[in-house]
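In what follows, a structure is listed as structure tokens, so that the remarks can point back to it.
Sequence lines set the chain letters: A, B, ... in the order given, protein chains first and strands last, and positions in each chain run from 1.
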There are 2 protein chains.
Amino acid sequence: MSRRSISTMADVARACGVSIQTVSAVVNDRPGISDETRLRVRAAMSELDYQPNQQARTLRGYKNPMVGVIIPSITNPYFPELVRGIEDVARRSGHGLFLCNDDYDDAKAREYFSFIRANNASGLIASPGLVARSVDGEIERQIHAFARRNVPVVFFGEQRPELPVTSIVVDAREATLDAARHLLELGHRRIGMIAPPVGLHVARERVRDVTEAFAALGHPLDSELIVAGGFDIEAGRSGAAVFMALPQMPTAILASNDLAAMGAIAALQEGGLLVPRDVSVLGFDDIPFAKVFQPSITTVAQPIYELGEAAMTAILDPAVGDPTDMPGRSIWLKAELVVRQSTGPCRERPATKRKTARSQNAPREERHDHEDHET
Amino acid sequence: MSRRSISTMADVARACGVSIQTVSAVVNDRPGISDETRLRVRAAMSELDYQPNQQARTLRGYKNPMVGVIIPSITNPYFPELVRGIEDVARRSGHGLFLCNDDYDDAKAREYFSFIRANNASGLIASPGLVARSVDGEIERQIHAFARRNVPVVFFGEQRPELPVTSIVVDAREATLDAARHLLELGHRRIGMIAPPVGLHVARERVRDVTEAFAALGHPLDSELIVAGGFDIEAGRSGAAVFMALPQMPTAILASNDLAAMGAIAALQEGGLLVPRDVSVLGFDDIPFAKVFQPSITTVAQPIYELGEAAMTAILDPAVGDPTDMPGRSIWLKAELVVRQSTGPCRERPATKRKTARSQNAPREERHDHEDHET
DNA sequence: TTGTAAGCGTTATCAG
DNA sequence: CTGATAACGCTTACAA
């Protein structure tokens, strides 16, 4: 019934009186078919609404033109942008995208690994922290299974030289240095940080970049002013609350990311403080809402869309699939500081006094070109 | 090479000295296998890192446990939530999700339709406007092709009784009435609306709901105050600009959706007006950022996540796959008003004067349970 | 319980 | 260009 309602190559062949392999040749644009037959076959194809069966193809030995993408959650505003970057490249090369949210849950991640493998996907893109979390080595085993089948695996964030994966990494050191310089030039000296959640690689990296930057500029951060946090709005709120309870509040706050920055700003304003008049707040990532938020957020911007593009490009790059080249390859992109409204001069000592609570729309800084290079 | 590095059922069978179909029986939990062999087979499976080949399965007659989801763009903050609703239900039933962004582009939509069909997906979920846009009936043809294969198709928004699809529709009339009443009770009489983009079904519906609501309450909208708009931040900005240029500004603005509301608020505040002190702004949809924005946005909330759940549930519901039941089925969910900070009393006539520019965090209204019923 | 055989739709390899 | 044949990995009768 349902079986017979779908037309196959054989149906097309029968309909226009040619052989099955002629149809196959037409479908795959192989040479050796006269223009006349070619046209006849095409006509029959659309007549019968023929659709090549991807399963049969893949079974015959092709890879499924489909990439698996494992992210924590698409509702985290960082990820839609990343996924778009991936998909736009994928579509151009005829690949579909298999979306997997694992909620930082190992069980879900594994399930999806299996699923992606069972479907013979031609690549796997996974976001940071996935391997790090894996306690029993199951994820590592899966990754090796992919490698054995020449299926390229790309990670964001962590470099794992011992695994057959390509890493897409963001170098935020310069941009973080720019951010530190920016705050210092605005006159801030008592600077707090709302830390990312412990355990994530990107978290350690971010804290390290920040402390190194301030140290390098001769104004090391007061470690008392680094408070525990997280990557969500709530973390920003509670971080700000901690600072507000201090006898002497910081005049500038580095939030773990833009969401935390928003939470911090909200809490500060509810506490009667204006940003950036009374306190400056700086975020990380540059999620799309960072420039819409009121005040718009000064942030160490990750090239999120470009990260996605780079990841998918790496999947398609045959060199990546070549196992001899696989271990430990890394592709670097650079973060950069984007100055917006949430940072302003420190009012505490009579530096430059300002009249307006909210600066006018500062023209958005131009991004530098990202320089990609490989290690 | 790469072929041989992956183990098949035959390998497993050989490894533990049983037949291929015994392995198949174990994999599929079929009865009639002794516990002892079952264990031996399972051991061999994990030993060899065996992974059933989904292509072979699907080819043999099964449906691919995969749903295609076609949305305009995942970077539109409405959709991540929807996709999560879909995925969470999908995962529980062992289905994967094939994500397709069509950017309201017919060509991309078609491409993805083919892709989904070629992959024998077990369902297709598409967002509103897709069919409406299709000029040459190609999309309709595709939909019939799905129906012929008993593949359920679910649409958001539009009901298409003539097509073999299930529709998930939001009834926003009551909630819109609540919103109108809310504004009127706050004393607003000169009320403007930033209209959604023309052409979309949801747009006509939204305008209709709003005009009907105010008419029903005895205060019909002044049609002069309905300005052309769109569904993005820019539309909100320009809509607000139009209103600000008027000799007499509206005291309350209904934006086409939350993004437009944010744009409008930003423009108003840049123009020196405070929300809600000087102007109230009301949005639609309740995207996640609506409650984070400063001020948080009063909005006619769609049960976005639940819409996703309902859609995937409909895909899995065998009744949906039954062609006799297919034409014109609809599942209704209700929108509801969520009052937050962006709406406040009209100050124009000496109604209730307020001191603070920004009201305190109003506790978020409880949502009613959504009542689903079918037509 | 297990083995034998056939088939899903496609591609590949031949000889005609 | 066509026809015959085999193979991809799995499922499902049916027979042993």
Which atom of Thr166(B) lies closest to which atom of Ala314(B), heavy atoms considered: CG2-CB, 4.3 Å
In whole Å, I'd like the distance from the CZ atom of Arg60(A) to the P atom of dT11(C). 9 Å
Select from Ser19(B) and Gln55(A) the residue whose nearest nucleotide in DNA chain C is closer to the 5' end of that strand. Ser19(B)
Which residues satisfy the salt bridge (Lys or Arg N to Asp or Glu O under 4.0 Å) test with Arg141(A), sequence neighbours excluded? Glu138(A)
The nucleotide from dA12(C), dT11(D), dG9(C) with an atom nearest the side chain of Leu59(B) is dG9(C)
Nearest-angstrom distance from the residue atom CG of Asn28(B) to P of dC10(D): 10 Å
Residue set satisfying salt bridge (Lys or Arg N to Asp or Glu O under 4.0 Å) with Asp105(A), at least two apart, ordered chain then number -> none
Grab the CD1-P distance between Ile20(A) and dA12(C) for me, whole Å please. 14 Å
Determine the contact category for Ile33(B): base if any of its heavy atoms lies under 4.0 Å from a base atom, sugar-phosphate if only primed atoms, P, OP1 or OP2 are that close, otherwise nothing. sugar-phosphate
Under 3.5 Å side-chain donor-acceptor pair for Asn101(A) and Arg91(B): no
Any base atoms under 4.0 Å from Arg38(B), or only sugar-phosphate, or nothing? Heavy atoms, all strands. nothing
Tell me, please, which residues at least two apart from Arg40(B) pass salt bridge (Lys or Arg N to Asp or Glu O under 4.0 Å). Glu36(B)
Collect all protein-nucleotide pairs involving nucleotides 13-16 of chain D in which both atoms are nitrogen or oxygen and the distance is under 3.5 Å.
none

Let me know the distance between NZ of Lys63(B) and C1' of dC8(C), rounded to the nearest Å. 16 Å
Test ring pair (Phe, Tyr, Trp, His ring centres under 6.0 Å) applied to Phe115(A) - qualifying residues, sequence neighbours left out: Phe98(A)
List the atom pairs, donor and acceptor, that lie under 3.5 Å between side-chain atoms in residues 42-50 of chain A and the rest of the protein, sequence neighbours left out.
from	atom 1	to	atom 2	distance (Å)
Ser46(A)	OG	Ala43(A)	O	3.3
Asp49(A)	OD1	Arg117(B)	NH2	2.9
Asp49(A)	OD2	Arg117(B)	NH2	3.1

Picking from dC10(D), dT11(C), dT11(D), the nucleotide nearest the side-chain atoms of Thr8(B) would be dC10(D)
So what does Val27(A) touch, heavy atoms closer than 4.0 Å: a base, only the sugar-phosphate, or nothing? nothing
Of the candidate nucleotides dC10(D), dT11(D), dT11(C), which contains the atom at the shortest distance from the side chain of Met9(A)? dT11(C)
